[in-house]
Amino acid sequence: HYYITNNLRSRGEVQVNLGNLNAMVILLLLSAVISLTFCDDVPKPTGIYHYSQKVDHYSYSPEASQTFKQRLFEYNKHWHCGPNGTVGPLFVYTGNEGPIDSFYYNTGFMFEIAPMFGALILFVEHRYYGESLPFGSDSFTPEGLRYLASTQATADFAEVINYYKKSKNIEQVVSFGGSYGGMLTAWMRLRYPQLVDVALAASAPLPMMARTVKPKQAFFEIVTTDYHDADEKCPEIVRKGFSQLYDVVKTPGFEASVTETFKLCTKFDISQFNHLVGWARNAMLMMAMVDYPYPAEFMGKLPAWPVKHSCKMMLEEMDNSGDEMRALAVGAGLLYNGTDGTKSCFNIYDDFIECADITGCGTGPEAKAWDFQCCTEFQLATPSTNVTDMFPPLEWNLDIASKYCQANYKVSPDPVDASLNYWSADFSAASNIIFSNGLLDPWHAGGVLEDVNPTVKAIIIADGAHHLDLRGANKDDPASVITARQEEVALIKKWLSQKRKDDLTEDKSNDYVHF
């Protein structure tokens, strides 16, 4: 690793002039790149840097002069000088609520299309996640967390992009992001249009976040629909499994029964009840989010189509025991034990952390950071009801959230603030933004699902889970995601070419090809 200040030095790059190559050679090069990124087996970064970033972008206090090391992953093998001395664009990924490594190695699409544009690839880690901690181990104290905000994060990204544009003479920037990272990417185009020319925001539930649009379907309802589509019996198994759990804990000797059924590492007691319910619920919704058509390890070591796999496991358990609670335990265990099944028992407090995000905060230090953000800016999904979904009723509202957040961080959610800062859900005056959503993804109902104007486009992926289009090409990809990627490339090329016409953007041989 290198520590480099704002005078971050440029390393030597191999420059290729596409104007000197014929179409066949270009396609061969593209095929080689795609082979490297098969199943998101992306190449290692050509450089890992740490940018000296401001702690506070919005005040003139002494603290504003403090800096921290923000981690950057760079890949420059496809970056080149094009015809007439033009420099390839910067492809930048706006980091999510986690270490940047995870997003780098699960976003193969950027690497596949970089040769078409001669792009320099950059992944920027979000402050307070991974190694980009403003105050080291003190970053997660109530005092240390005060600089964790999406407005600070977008300002971080702007600083880094501005440095790259100036130091490397880059004229064009395309921003990519999925989920919260997709929200950030769209906001970058809205807040910093002079820095970001095009934004691809995948699975970004901005209207839901702004609370200005009520989704036609709730988050937990879509999870239930996903399981129903796998097999119509599965939602009822889950519903009855939870109901049986609620009944069992009212009977003598329930501790041993629940411990054995859910294969818990320590003896169950009633104080763990709500956490166990959350553990099982979290498993179902996470598998719906990452319901990819091939094995993946993005949020656990999961098989292809994990919802179908989980459903099948529950049906088999019903055939064996006829016990819905045991079937629920088996189906939920898939997320935490994966396809290799190495765990002999489950520690539900290691597997799942309760927090202000009722859809889950993950685990580790990142969970605390996201918990704080959900206590300040983001109140996303609506609770489960057991009427429109298969989950037990969950009481969660602004008052309950405020009590939780005050107790933990001495802050309260401000659902108005984010909508004021980021145009709410009205993107009619925006331009050059692609909003993609997969209909298997429980978050899609909170996203932009229709074109807003000719340059704010919605792409729907019928068989897509959470930002599937950003993952690398796979032989098992559904046709809908292949088409979506083709549309995304065409729009990026079109919008970049409108700013600067050259041979790079006009060369038809560089169109996206799914192998």
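Counting from 1, the numbers follow the sequence of the chain as shown.
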Salt bridge or not between Lys233 and Glu236? Use side-chain N to carboxylate O under 4.0 Å. no
Should the pair Phe391 and Phe220 be assigned to parallel (<30°), tilted (30 to 60°) or perpendicular (>60°) ring geometry? perpendicular
What are the two closest heavy atoms between His275 and Ile348, and how far apart are they? NE2-O, 3.1 Å
Hey, do the aromatic rings of Phe123 and Tyr75 have their centres closer than 6.0 Å? no
Distance-only donor-acceptor check, side chains Asp371 and Tyr409, under 3.5 Å: yes
Just checking Phe435 against Phe427, ring centres under 6.0 Å apart? yes
Apply the side chain to side chain donor-acceptor pair (under 3.5 Å) test between Ser179 and each candidate in His466, His467, Glu97; give the one that qualifies. His466
Would the SG atoms of Cys374 and Cys361 measure under 2.5 Å apart? no
State whether a side-chain donor-acceptor pair under 3.5 Å links Gln373 with Asp357. no
Please verify the inter-ring angle class for Tyr147 with Phe135; under 30° counts as parallel, over 60° as perpendicular, anything in between as tilted. tilted
Would you call Phe103 and Glu125 a side-chain contact if the rule is heavy atoms closer than 4.5 Å? no
Measure from NZ or CZ of Arg127 to the centre of the six-membered ring of Phe68, then state whether that distance is under 6.0 Å and the direction lies within 45° of the axis. no
For the atom pair CG (Asp389) and CZ (Arg281), what is the distance rounded to the nearest 0.5 Å? 9.5 Å
State whether the side chain of Asp477 and the backbone N or O of Asn474 hold a donor-acceptor pair below 3.5 Å, judged by distance alone. yes
With Val124, the side chain to side chain contact (heavy atoms under 4.5 Å, CB included) member among Leu184, Leu72, Ile100: Leu72
Phe268, Trp279, Phe346 screened by side chain to side chain contact (heavy atoms under 4.5 Å, CB included) with Phe262, the one that passes: Trp279
Check the pair Arg326 / Glu260 against side-chain contact (heavy atoms from CB on, under 4.5 Å), numbers first and verdict last. CA-CA 9 Å; Arg326 192 173 296 276; Glu260 187 274 329; 2.9 Å; yes
Using ring centroids (six-membered ring only for Trp), state whether Phe91 and Phe176 fall under 6.0 Å. yes
Distance col, row Leu449:CG vs Ser436:OG, nearest 0.5 angstrom, shows 11.0 Å
Interatomic distance, Asp269 atom CG to Phe254 atom CZ [nearest 0.5 angstrom]: 7.0 Å
Atom pair CG/CG of Asp426 and Leu206 - distance to nearest 0.5 Å: 12.5 Å
Decide yes or no on side-chain contact (heavy atoms from CB on, under 4.5 Å) for Gln272 and Tyr349, but give the supporting numbers first. CA-CA 9 Å; Gln272 302 170 353; Tyr349 288 92; 3.5 Å; yes
Which atoms form the tightest heavy-atom contact between Ser428 and Asn453, and what is the distance? O-ND2, 3.0 Å
Tightest non-hydrogen contact, residues Asn96 and His126, listed as O-CB, 3.2 Å
Do Arg191 and Thr154 have side-chain N/O donor and acceptor atoms under 3.5 Å apart? yes
If the plane angle is over 60° it's perpendicular, under 30° parallel, otherwise tilted; pick one for Phe298 and Tyr292. tilted
If you measure from OG on Ser175 to CH2 on Trp187, what distance do you get to the nearest 0.5 Å? 12.5 Å
Nearest 0.5 Å, please: how far is CG in Asn337 from OG in Ser344? 8.5 Å
